[in-house]
Amino acid sequence: MRKLHRAGLAFVLAACAMPALAQEAEQEMRPYVTGGYTYTFEDKDRVSDNGNGAFAGFGMALSKHWGVELSGSWDQFDDDGLANPARWRQYGGKLDGMFFYSRDRVFSPYVGVGVGAMRSELRNTGDKSTDPFVDAGVGFFKYFGDSNYGMRADVRYRWLDADDIPGVGSFGEPVVKIGLVAAIGEKPASAAAAVKDSDGDGVPDDADLCPGTAKGVKVDAKGCPLDSDGDGVPDGVDQCPGTPPGVAVDDKGCPTTLGSGRFKITGSGADLRFEDVHFAFDKSDLTDYSKQMLDDAVHVIDTVSKQYPGLKVDVSGHTDAVGSEGYNQGLSERRANAVKQYLLRKGVDAGRLSTYAYGESKPVATNDTDEGRAQNRRAETRTRGE
């Protein structure tokens, strides 16, 4: 019968542990409380049956691999009809040092060594003794899904010095415990969830104003490609670094002959982007500077359209985030139309022009500062070939 007990418990431990070996889960390092059932395979010196009992404890992590656990236990050993039976009852407490191979929530195996004291009472003789003991063994924790609760199993070999009880000396015996465990406190957010950087540029997604940056491109604190000379062409592809401010450049960052050179123009061929038109807060009126810049753009459009007869001009209006989304949508439409009407008056063919209104949905800078909001109050003008 005792051999069957041993085989059955070994099977339970193996069945619980094996499925977890093929899984992966997040780490669990919160403090915990635990409790459950204990089974002791008696030593011959006890002259009794195997023992049944219960345990309860509290544990905490000291580091990724090390932890401690303070626990108490109660065990009772019946005589099972043996000759000269001894009916033991034990109360103990111990401190465990535990080395975890992993803190994986799905399967956290460990090695444990404990030291403690045990109060032993023989109910049939009245003998009592309080003695030190040590134990050592292995175990594991296994949490259920994303919950705070799980199970644990532990197998130890315990050495007890009970030589104060007549006819009994030091002896050792295997002890198995199976129980539940409950983590204490809020579950910490995973690192991957807390800090996500989709394009791998070192700037978290929630602060990245230029998502999707190509791998290896150096970026500033906002996640946008570095542009040391401010010509709109990132340093990594700028073949003419150090361009003076305001000089129009092509898509390689080199000065272009298009326009007067006073206003920024980027791109090449039929795909050009003109300097943005900026607006005062809650306004859609063009400034004198904007009109001069658009005059220059009209000249460029006229020149490029001779090479690309199907040239199209797209004008998109934008706002900062102050005000409701509905109001900003209408304001962005008025800004786009203000640029369109000016281009029409200056001779751009109406068939080339298309307007788009994006409201506050496409900022180019943060809306948390005056400077950023000023950059977002804009209209963009681009050309494309067909």
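- When side chains are defined from C-beta on, T38 does not count as touching N52, because their heavy atoms never get closer than 4.5 Å.
- D276 places no side-chain N or O within 3.5 Å of a backbone atom of E380 that could act as its donor or acceptor partner.
- Between the side chain of D154 and the backbone N or O of I178 there is no donor-acceptor pair closer than 3.5 Å.
- Cluster annotation: V364 is not connected to Y358 through the hydrophobic network of ILVMFWY side chains, with a link wherever side-chain heavy atoms come within less than 4.5 Å.
- Between Q307 and P309, the shortest heavy-atom contact is O-CD, 3.5 Å.
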(Q) For a side-chain contact (heavy atoms from CB on, under 4.5 Å) check, start with the C-alpha distance between S73 and Y91, then their side-chain angles and the critical distance, and finish with the verdict. (A) CA-CA 6 Å; S73 63; Y91 308 89; over 6 Å; no
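- Considering all non-hydrogen atoms of both residues, A379 and V339 come closest at CB-CG2, 3.8 Å.
- Judged by a 6.0 Å distance limit and a 45° cone about the ring axis, K142 is not positioned over the six-membered ring of F107.
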(Q) side-chain contact (heavy atoms from CB on, under 4.5 Å), that's the test. Do F171 and L160 meet it? Break it down for me. (A) CA-CA 6 Å; F171 59 86; L160 176 65; 3.8 Å; yes
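- Side-chain atoms of Y157 and P174, non-hydrogen and from C-beta on, do get closer than 4.5 Å to each other.
- Under a hydrophobic-cluster definition in which Ile, Leu, Val, Met, Phe, Trp and Tyr are linked whenever side-chain heavy atoms come within less than 4.5 Å, directly or via other members, M151 and V33 are assigned to different clusters.
- Nearest heavy-atom pair, D368 versus R373, reported as atom, atom and distance to 0.1 Å: C-NH1, 3.5 Å.
- Here the closest non-hydrogen pair linking F279 and D285 is CD2-O, 3.5 Å.
- Looking only at side-chain heavy atoms (C-beta outward), V134 and V113 stay at 4.5 Å or farther from each other.
- Proximity of a side-chain donor or acceptor of D96 to a complementary backbone N or O of V68 within less than 3.5 Å is not detected.
- Look at D135 and R158 and you find no salt bridge, because none of the NZ, NE, NH1 or NH2 atoms lies under 4.0 Å from a carboxylate O.
- Side chains of E69 and Y32: a donor-acceptor N/O pair is present below 3.5 angstrom, by distance only.
- Distance check: S102 OG to H65 NE2 gives 8.5 Å after rounding to the nearest 0.5 Å.
- Hydrophobic cluster membership differs between M29 and F141, with clusters built from Ile, Leu, Val, Met, Phe, Trp and Tyr side chains linked at under 4.5 angstrom.
- Although no hydrogens or angles enter the test, the distance criterion places a donor-acceptor pair under 3.5 Å between the side chain of D320 and the main chain of V322.
- Going from atom CG of D282 over to atom CG of N328 covers 8.5 Å, rounded to the nearest 0.5 Å.
- Side-chain atoms of K312 come within 3.5 Å of backbone atoms of G351 as a donor-acceptor pair (strictly under, hydrogens ignored).
- Across F281 and R335, no two heavy atoms sit closer than the pair C-NH2, 4.4 Å.
- Looking at E121, its side chain never comes within 3.5 Å of a backbone N or O of D127 through a donor-acceptor pair.
- Using a 3.5 Å distance cut-off with no hydrogens or angles, the side chains of N50 and Y39 do pair a donor with an acceptor.
- Taking the charged nitrogens against the carboxylate oxygens, R105 and E28 do have a contact shorter than 4.0 Å, which makes a salt bridge.
- Within the 4.5 Å cutoff, the side chain of T381 has no heavy atoms near those of the L272 side chain.
- At a cut-off of 3.5 Å, with distance as the only test, no side-chain donor of R273 or T266 sits close to an acceptor on the other residue.
- Contact annotation: the side chain of K128 approaches that of R119 to within less than 4.5 Å [non-hydrogen atoms, C-beta and beyond].
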Q: Would you please test D295 and Y342 for side-chain contact (heavy atoms from CB on, under 4.5 Å) and show each step?
A: CA-CA 9 Å; D295 288 341; Y342 189 85; 2.8 Å; yes
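- T34 places no side-chain N or O within donor-acceptor distance of the main-chain N or O of V181, the cut-off being under 3.5 Å.
- L344 is connected to V298 through a chain of hydrophobic side-chain contacts under 4.5 Å among Ile, Leu, Val, Met, Phe, Trp and Tyr, so both are in one cluster.
- Side-chain atoms of T287 and S290 include a donor-acceptor pair closer than 3.5 Å.
- Remark: T355 OG1 to E333 CD distance equals 7.0 Å, nearest 0.5 Å.
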Q) Can you check side-chain contact (heavy atoms from CB on, under 4.5 Å) on K94 and S71, steps first, answer last? A) CA-CA 6 Å; K94 67 167 179 168; S71 64; 3.6 Å; yes
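- Interatomic distance, CG of L294 versus NE2 of H299, reported as 14.5 Å (0.5 Å rounding).
- In this structure a side-chain-to-backbone donor-acceptor pair under 3.5 Å is missing from S305 to Y308.
- For the side-chain contact (heavy atoms from CB on, under 4.5 Å) with Q90, the lone residue among F133, F77, W74 that qualifies is F77.
- What you find for A338 and S284 is that their closest heavy atoms are CB-O, 3.4 Å.
- One distance of note links CG of L353 with CD of Q341; it measures 9.0 Å at 0.5 Å rounding.
- Annotation: side chain of M118 is not in contact with side chain of D131 (no heavy-atom distance under 4.5 Å).
- You'll find the side chain of M293 reaches within 4.5 Å of the side chain of V277, heavy atoms only.
- Looking only at distances, no side-chain donor or acceptor of R103 sits under 3.5 Å from a matching main-chain atom of Q27.
- Salt-bridge formation is not detected for the pair D75/R89: no Lys NZ or Arg NE/NH1/NH2 atom is positioned less than 4.0 Å from an Asp or Glu carboxylate oxygen.
- N148 and Y143 are not linked by any side-chain donor-acceptor pair at a separation below 3.5 angstrom, with hydrogens and angles left out of the test.
- D271 contributes no side-chain N or O that, together with a main-chain N or O of G267, makes up a donor-acceptor pair within less than 3.5 Å.
- Taken together through direct or relayed side-chain contacts under 4.5 Å among Ile, Leu, Val, Met, Phe, Trp and Tyr, L286 and L331 form parts of separate hydrophobic clusters.
- For the atom pair T383 OG1 and L311 CG, the distance stands at 5.0 Å (nearest 0.5 Å).
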Q | Audit row: Y110, F100, ring pair (Phe, Tyr, Trp, His ring centres under 6.0 Å) steps and yes/no | A | CA-CA 4 Å; Y110 63 83; F100 284 82; 5.3 Å; yes
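- Counting heavy atoms of neighbouring residues, nucleotides and ligands inside a 6.0 Å radius, atom CD of E325 does not exceed 12 of them.
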Q.
Is there a ring pair (Phe, Tyr, Trp, His ring centres under 6.0 Å) between Y289 and F263? Walk through the geometry before answering.
A. CA-CA 10 Å; Y289 179 87; F263 307 100; 5.4 Å; yes
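- By the 4.5 Å heavy-atom criterion applied to side chains, V111 and Y101 are counted as neighbours.
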